[in-house]
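Data block below; observations after.
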Amino acid sequence: MKKITVPTRDQISAGSQVSFDLLKSRMGKVPNLYATMGYSEYALKAFLDLDATLSKGIFTAKEREAIALIVSEINGCAYCLAGHTLVALLKGFTKEETLDIRRGKTCDDKLNAVIRLAASITENKGNASESLLTAFYEAGFDEGALMELFGLISMRAFTNYVFALTQIPVYFPLAEPINSIKTS
């Protein structure tokens, strides 16, 4: 099987170079995962556009990180767990809270409804238990929030799968392993 490596700026199209420059100006460097997406300027741009759009939606930055953590835990993505644990800490979660989120249970009822539904959707390929969907609505979310949740899960599945196939280097500190996830 052909090994996919992280491309340099010179190895990608002019369209991807524009995205690289934007990422470098915002983040100081281009993360390996984004660089790898840059093999297709359309995949990278679509991902960045969806991320920017959903960041304006119903979910807070902390809730979006929690969703990223639970989906990445279920999909076993070491790269995304490392990166999103780091960002979650910067957004105000404690280390123990990030581990609890990855286990599928927090002290916050509203966040719990979000991550448990996200976990169920991820584990069940788009389906979820009726009780978790009801808990999500009872936590104050509506159908629009559910569509945004699908978008966030889809984004994370995309990055998780890119890493799964490429196994590109992870340069963030690896996330601490957890014992188990409990979503039911």
Side-chain angles (χ1 to χ4, degrees), residues 6 16 19-38 43-119 121-123 139 141 145 147-179 181 183:
V6 179
S16 285
S19 294
F20 270 39
D21 294 344
L22 178 66
L23 287 164
K24 190 169 182 179
S25 72
R26 287 183 186 164
M27 305 173 87
K29 63 180 168 181
V30 180
N32 286 347
L33 193 67
Y34 293 176
T36 304
M37 284 184 215
L44 178 58
K45 183 169 181 354
F47 176 82
L48 294 174
D49 288 350
L50 183 58
D51 186 45
T53 301
L54 289 174
S55 73
K56 299 172 188 165
I58 188 73
F59 295 104
T60 67
K62 285 180 80 170
E63 289 167 336
R64 289 191 307 274
E65 287 309 315
I67 294 162
L69 285 170
I70 191 69
V71 172
S72 297
E73 181 65 39
I74 290 166
N75 288 330
C77 182
Y79 188 99
C80 294
L81 284 171
H84 288 285
T85 296
L86 186 63
V87 175
L89 294 170
L90 294 172
K91 298 290 181 192
F93 283 118
T94 66
K95 179 181 172 186
E96 191 56 41
E97 286 171 325
T98 67
L99 294 170
D100 286 344
I101 289 165
R102 291 172 49 210
R103 288 183 191 105
K105 183 80 173 143
T106 71
C107 304
D108 179 323
D109 290 338
K110 185 174 180 181
L111 184 58
N112 223 26
V114 172
I115 64 170
R116 292 186 68 192
L117 182 58
I121 290 168
T122 303
E123 290 170 336
F141 296 105
M147 294 304 113
E148 289 180 27
L149 181 61
F150 276 122
L152 291 165
I153 292 167
S154 298
M155 272 182 36
R156 205 49 48 219
F158 177 61
T159 59
N160 293 170
Y161 294 173
V162 168
F163 178 74
L165 186 64
T166 63
Q167 294 295 302
I168 55 172
V170 179
Y171 57 83
F172 306 111
L174 291 177
E176 183 178 318
I178 62 167
N179 298 337
I181 301 174
T183 59

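Just the heavy atoms: all of them, side chains too, but no hydrogens, waters or symmetry mates, feed the values below. Given the structure is predicted, the values throughout are model-derived calculations rather than measurements.
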Return the [atom1] to [atom2] distance between [X] and [Y], rounded to the nearest 0.5 Å.
| X | Y | atom1 | atom2 | result |
| --- | --- | --- | --- | --- |
| Leu149 | Ile121 | CG | CD1 | 4.5 Å |
| Met37 | Asn32 | CE | CG | 11.5 Å |
| Met147 | Ile58 | CE | CD1 | 14.0 Å |
| Leu89 | Glu97 | CG | CD | 9.5 Å |
| Arg26 | Leu48 | CZ | CG | 7.5 Å |
| Phe150 | Leu54 | CZ | CG | 13.0 Å |

Not counting sequence neighbours, which residues clear salt bridge (charged side-chain N to carboxylate O under 4.0 Å, His left out) with Lys45? List them please.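 Applying salt bridge (charged side-chain N to carboxylate O under 4.0 Å, His left out) to Lys45 gives Asp49.
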
Quick check: closest heavy atoms across [X] and [Y], and the distance to 0.1 Å?
| X | Y | result |
| --- | --- | --- |
| Ala175 | Arg102 | CB-NH1, 3.7 Å |
| Ala88 | Leu69 | CB-CD1, 3.9 Å |
| Ala139 | Ala113 | CB-CB, 3.8 Å |
| Leu44 | Ser19 | CD2-CB, 3.5 Å |
| Leu99 | Glu176 | CD1-OE2, 3.7 Å |
| Leu174 | Ala82 | CA-CB, 4.1 Å |

Heavy-atom check, side chain of [X] versus side chain of [Y], under 4.5 Å:
| X | Y | value |
| --- | --- | --- |
| Arg156 | Ile67 | no |
| Phe163 | Thr159 | no |
| Cys80 | Val71 | no |
| Ile101 | Leu111 | yes |

Step through it carefully: locate the ring centre of Tyr34, locate the ring centre of Phe20, and say whether they are under 6.0 Å apart.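 For Tyr34 and Phe20, the ring centres are not under 6.0 Å apart.
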
Would you check if the side chain of [X] reaches a backbone N or O of [Y] as a donor-acceptor pair within less than 3.5 Å?
| X | Y | result |
| --- | --- | --- |
| Glu63 | Val114 | no |
| Asn112 | Thr106 | yes |
| Ser25 | Leu22 | yes |

With sequence neighbours left out, which residue pairs that include part of residues 53-78 fulfil the ring-ring contact (aromatic ring centres under 6.0 Å, His included) condition?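 Sorted pair list: Phe59-Phe141.
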
Heavy atoms of other groups near Tyr161 OH, more than 12 under 6.0 Å: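 Count not over threshold, so no.
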
In terms of side-chain heavy atoms, does Asn160 have a donor or acceptor partner in Ser72 at a distance below 3.5 Å?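 Side-chain D/A pair, Asn160 to Ser72: present.
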
One thing to verify: whether Arg103 and Asp100 come together as a salt bridge, which I'm taking to mean a side-chain N less than 4.0 angstrom from a carboxylate O.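 Yes, Asp100 and Arg103 are salt-bridged.
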
Whether Phe172 and Tyr79 hold their rings parallel, tilted or perpendicular, with breakpoints at 30° and 60°: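 If you compare the ring of Phe172 with that of Tyr79, the planes turn out perpendicular.
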
